Amino acid sequence: MRHVVLFHSVYGLRPAVRAAADRLRAAGHQVSTPDLYGVPAAATVEEGFALLDKIGHDVVLDRARAALGDLPAETVLAGFSMGAGVAGALLAERPAAAGLLLLHGTGGAPDAVRPGLPVQLHLADPDPYDAPDEVDEWRQAITDAGADLTVFHYPAVGHLFTDPELPDYAPDATAAAWPRVLAFLAVC
């Protein structure tokens, strides 16, 4: 089983992130869920973006780096929405990462991808934060760089469709996503 670090969305460390970590732990993985904000989670996406602006992207990345400090080099980098971006941003610093799991957002620059790196993306279709042409461009670049990419699109759902406390929640899409995530982690 794997070590997984699971970075939260712009909302902050919400119960849905903890529940996702518990789901992965139940499958035998060791999971860390660092709080990149250090304050209670936001109630709305607007409050979340205000928190991110107040704390600063650099501080968030520094906290994410610190959370990875004692974890094995082969830790799977994972995240929800903004957290997917954080996971992708740290890929260049963690070249031995066993995989990149992106929930609700893209992440990772092509120059950080090693050949054969397992990458899995779960994305609403359409997604208000990831335009289809941008996703296609990212997909092409990351696969050209050698990533072993699998993309799952979930039609007619909201952005954070796996969070049962948000209006975006889509139980059928969530039920489809988690077995795919567990299968991905089983082969990383």
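Each residue takes its place number in the sequence, starting with 1. Bear in mind the structure is a predicted one, so any value in this text is a computation, not a measurement.
- Closest non-hydrogen pair, L100 versus G88, comes out as CD1-N, 4.0 Å.
- Between V181 and L24, the closest side-chain pair of non-hydrogen atoms falls below 4.5 Å.
- Expressed to the nearest 0.5 Å, how far CZ of F7 lies from CG of L61 amounts to 9.0 Å.
- Taking the side-chain hydrogen bond (donor to acceptor under 3.5 Å, both in side chains) definition, one finds that Q140 meets it with D144, sequence neighbours left out.
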List the steps, then state whether side chain to side chain contact (heavy atoms under 4.5 Å, CB included) holds for L117 with L91.
-> CA-CA 10 Å; L117 175 73; L91 186 59; 3.6 Å; yes

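- Side-chain atoms of P118 and V187, non-hydrogen and from C-beta on, never get closer than 4.5 Å to each other.
- In plain terms, the two heavy atoms of M82 and V10 that are nearest each other are CB-N, 3.7 Å.
- Not one N or O on the side chain of R23 forms a donor-acceptor pair closer than 3.5 Å with the backbone of W178.
- With hydrophobic clusters built from ILVMFWY side chains whose heavy atoms lie under 4.5 angstrom apart, L13 does not share a cluster with Y169.
- V157 forms part of a hydrophobic cluster together with F152, Y154, F161, judged by ILVMFWY side-chain heavy-atom separations under 4.5 Å.
- Note: the hydrophobic cluster containing M1 does not contain V5 (ILVMFWY, side chain heavy atoms under 4.5 Å, direct or indirect links).
- What you find for Y11 and T44 is that their closest heavy atoms are CE2-C, 3.4 Å.
- Taking OG1 from T150 and CZ from R180, the interatomic distance works out to 10.5 Å, rounded to the nearest 0.5 Å.
- Exactly one residue among D70, L68, T75 makes a side-chain contact (heavy atoms from CB on, under 4.5 Å) with P72. That residue is T75.
- Interatomic distance, L77 CG to L102 CG, rounded to the nearest 0.5 Å: 9.5 Å.
- Taking all atoms of both residues into account, the shortest heavy-atom contact from A147 to V119 is CB-CG2, 4.0 Å.
- Nearest heavy-atom pair, L90 versus A64, reported as atom, atom and distance to 0.1 Å: CD1-CB, 3.5 Å.
- Here the side chains of F80 and V17 are in contact, with some heavy-atom distance below 4.5 Å.
- Evaluation of the side-chain hydrogen bond (donor to acceptor under 3.5 Å, both in side chains) test over residues 30-40, restricted to residues two or more places apart or in two chains, returns H3-Q30.
- Counting only residues at least two apart or on different chains, the side-chain hydrogen bond (donor to acceptor under 3.5 Å, both in side chains) pairs with a member in residues 80-104 are R65-E93, S81-H159, H104-T162.
- Evaluation of the side-chain contact (heavy atoms from CB on, under 4.5 Å) rule for R2 yields V4, H29, E74, V76, A98, C188 as partners, not counting sequence neighbours.
- To the nearest 0.5 Å, atoms CG (D148) and CD1 (I142) are separated by 11.0 Å.
- Note that the OG1 atom of T106 and the CD atom of E137 stand 10.5 Å from one another [nearest 0.5 Å].
- Contact between V60 and L52 at its shortest, heavy atoms only, is CG2-CD1, 3.8 Å.
- The side-chain heavy atoms of W138 and L149, taken from C-beta on, include a pair separated by under 4.5 Å.
- From H122, atom NE2 reaches atom CG of D127 across 13.5 Å, with rounding to the nearest 0.5 Å.
- In this view, E165 and R14, P15, D163 satisfy the side-chain contact (heavy atoms from CB on, under 4.5 Å) rule, not counting sequence neighbours.
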